[in-house]
Structures are given as C-alpha cells and as structure tokens.
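Take a look at the structure set out below.
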Amino acid sequence: MGTWNSRGLRGSFLEEMVNLTNEKYRNQKLALIQKVPTPIKPIHIDQSTRHITLAYFEQKSTVDYIGVVQGIPVCFDAKECATENFPLANVHEHQMAFMEEFEHQDGIAFLLIYFKRKDCYMYLPYTQLKKFWQRMKEGGQKHFKLEELDLSFEISTYSGTFVHYLEQLQMDIDRR
C-alpha cells in the first residue's frame, strides 16, 4: 500500500493539461468528464492544522476519468512516459478489467499518453491496448513502442485546447 503523497498522486503535467481541457469542454458544453478521486484512509491527522499527514489508499481505483461526450459514455486513464517505450506495468489488471466491462456496456475506453521525450500526445483505443496487454500475457514484450501506435491518433495541441482528444475519440468511434 502506498501513502497518499506517494508517486501515484503527485500530480502530473498531462493530468493538469487534461483537467484544463475537460474544463474547456464542459464550458463549451461539448462533454462532461470528471476526475475520479482515489479513496484514501487517513491514518494520522495533525490536530493543530487539521491536515492529513499520513494516509493509505482505501481501495484500487478504476480509471482517472469518466464521463459523457455528446451522449457517449467514456472512461480513460492519463499516463506519462519518459521514453518512447510505454511500460504496460503502468496499467493495472483492475484497470483493464474495468475498461473491458465499460466497453461491454457500449462505452468507449482509452488511454491518453504523453511521451515526454518526443513531446507527443497519443490517444490509444482500448482495443489496441488490449492487444498489447494480451501480447504481454502470452510472454511477449512488457511494453509497446510509440512507433507501434497508429500515428493518426496523435493529438494535436492546436486551437487553444490543451489536449484536444475529441477528434481522436471520433476516429475511434468511426472505426468500430
């Protein structure tokens, strides 16, 4: 178990950009996407300041974001990667199970990945993530490379939207 101030909740550049994007989408009435809070169990509270100084994750979280885009249910996780190889260890079994169940309910699940070295944002449809996951489970690579991804799912940062992923979401829907 990790503490609440461990690397899992340190806040990330991508997460901040996605939060700003989702706020813009909400203001423009394009989508309503909420950050899913990770439940924590406080262990120690500083009585003088009433601040939690030690806490543990109460349960495994599902994905980072969940919501609806023009009537379509979506869920996704935002991940950062320092190199051009994305370690599948960054995605957890319970997250894969949740995304699988979400897709079975006619929702759309995906990852938004920021490859820092290339300064590149990618939309990874769950169907492709599932193929990489299966390859790993069958004894293959425990990562996938940026070059293995469909570059048409690269997210542009134009138009004043920080991580404008709605175009890639539409492409994902059109390909189903």
Side-chain angles (χ1 to χ4, degrees), residues 1-43 45 50-82 86-116 119-126 128-130 133 153-157 159-173:
M1 276 206 197
T3 59
W4 67 273
N5 61 355
S6 73
R7 67 179 195 86
L9 289 178
R10 68 178 176 251
S12 70
F13 173 73
L14 175 60
E15 193 172 284
E16 288 301 315
M17 295 298 100
V18 170
N19 291 343
L20 291 169
T21 300
N22 289 338
E23 185 178 322
K24 184 168 183 170
Y25 287 165
R26 182 178 183 182
N27 290 338
Q28 293 176 335
K29 302 199 182 326
L30 294 173
L32 181 60
I33 309 292
Q34 294 290 305
K35 175 85 173 84
V36 177
T38 303
I40 62 167
K41 179 178 183 177
I43 301 299
I45 299 174
R50 309 267 316 145
H51 288 114
I52 298 170
T53 58
L54 180 64
Y56 291 98
F57 294 124
E58 212 166 18
Q59 63 191 39
K60 294 176 180 174
S61 63
T62 53
V63 291
D64 291 335
Y65 298 92
I66 195 163
V68 63
V69 178
Q70 303 293 302
I72 300 165
V74 299
C75 77
F76 63 95
D77 217 67
K79 304 284 188 187
E80 290 187 23
C81 181
F86 182 86
L88 287 163
N90 289 350
V91 181
H92 303 284
E93 191 85 43
H94 65 274
Q95 292 176 312
M96 290 297 292
F98 181 82
M99 288 188 281
E100 179 77 22
E101 291 174 17
F102 199 86
E103 290 257 332
H104 279 304
Q105 294 295 325
D106 292 329
I108 308 287
F110 56 94
L111 293 184
L112 294 179
I113 306 171
Y114 177 53
F115 290 90
K116 291 181 190 178
D119 192 28
C120 170
Y121 299 88
M122 293 297 296
Y123 175 108
L124 179 64
Y126 174 73
Q128 184 63 51
L129 173 61
K130 187 175 174 181
W133 188 265
F153 281 100
E154 183 173 355
I155 299 168
S156 172
T157 53
S159 78
T161 302
F162 301 97
V163 184
H164 186 45
Y165 60 86
L166 291 185
E167 291 174 358
Q168 286 68 28
L169 173 63
Q170 186 61 57
M171 287 172 40
D172 188 1
I173 292 166

### Message
Would you say that L14 contacts I113 through its side chain, given a criterion of any heavy-atom pair below 4.5 Å between the two side chains?
### Response
no
### Message
For A78 versus D64, what's the shortest heavy-atom pair and its separation?
### Response
N-OD2, 3.0 Å
## Note on the structure
So NZ of K35 and CD of E23: to nearest 0.5 Å the spacing works out to 15.0 Å
### Task
Determine, using ring centers only, whether F76 and Y165 are less than 6.0 Å apart.
yes
### side chain to side chain contact (heavy atoms under 4.5 Å, CB included) assessment of V63 paired with F102
CA-CA 11 Å; V63 291; F102 199 86; over 6 Å; no
### Approximate separation, where rounding is to 0.5 Å, of L112 CG and M17 CE
13.0 Å
#### Entry: For Y123, the option from V163, I155, L166 that meets side chain to side chain contact (heavy atoms under 4.5 Å, CB included)
I155
### Query
Donor-acceptor pair, Q95 side chain versus H92 backbone, under 3.5 Å?
yes
### Task
Please answer whether the main-chain N or O of F13 pairs with a side-chain N or O of E80 as donor and acceptor at a distance below 3.5 Å.
yes
### Task
Can you measure from OH (Y65) to OG1 (T21) and round to the nearest 0.5 angstrom?
9.0 Å
### Query
What do the steps show when you test D172 against F153 for side chain to side chain contact (heavy atoms under 4.5 Å, CB included), and what is the final call?
CA-CA 9 Å; D172 188 1; F153 281 100; 4.2 Å; yes
### Summary
CD1 (I72) and CD (Q170) are apart, to the nearest 0.5 Å, by 6.5 Å
#### Entry: Near-ring test F110/Y126, centroid separation under 6.0 angstrom
no
### Message
Applying side chain to side chain contact (heavy atoms under 4.5 Å, CB included) to E15 and Y114, what does each step give before you reach the verdict?
### Response
CA-CA 10 Å; E15 193 172 284; Y114 177 53; over 6 Å; no
### Message
Can you tell me how far apart CG (N27) and CG (N22) are? Round to the nearest 0.5 Å.
### Response
11.0 Å
### Message
So which atom in F86 and which in K79 form the shortest heavy-atom distance, rounded to 0.1 Å?
### Response
CE1-CB, 3.6 Å
### Steps toward side chain to side chain contact (heavy atoms under 4.5 Å, CB included) verdict (M99, D77)
CA-CA 10 Å; M99 288 188 281; D77 217 67; 5.6 Å; no
### Query
For the atom pair NZ (K116) and OG (S12), what is the distance rounded to the nearest 0.5 Å?
8.0 Å
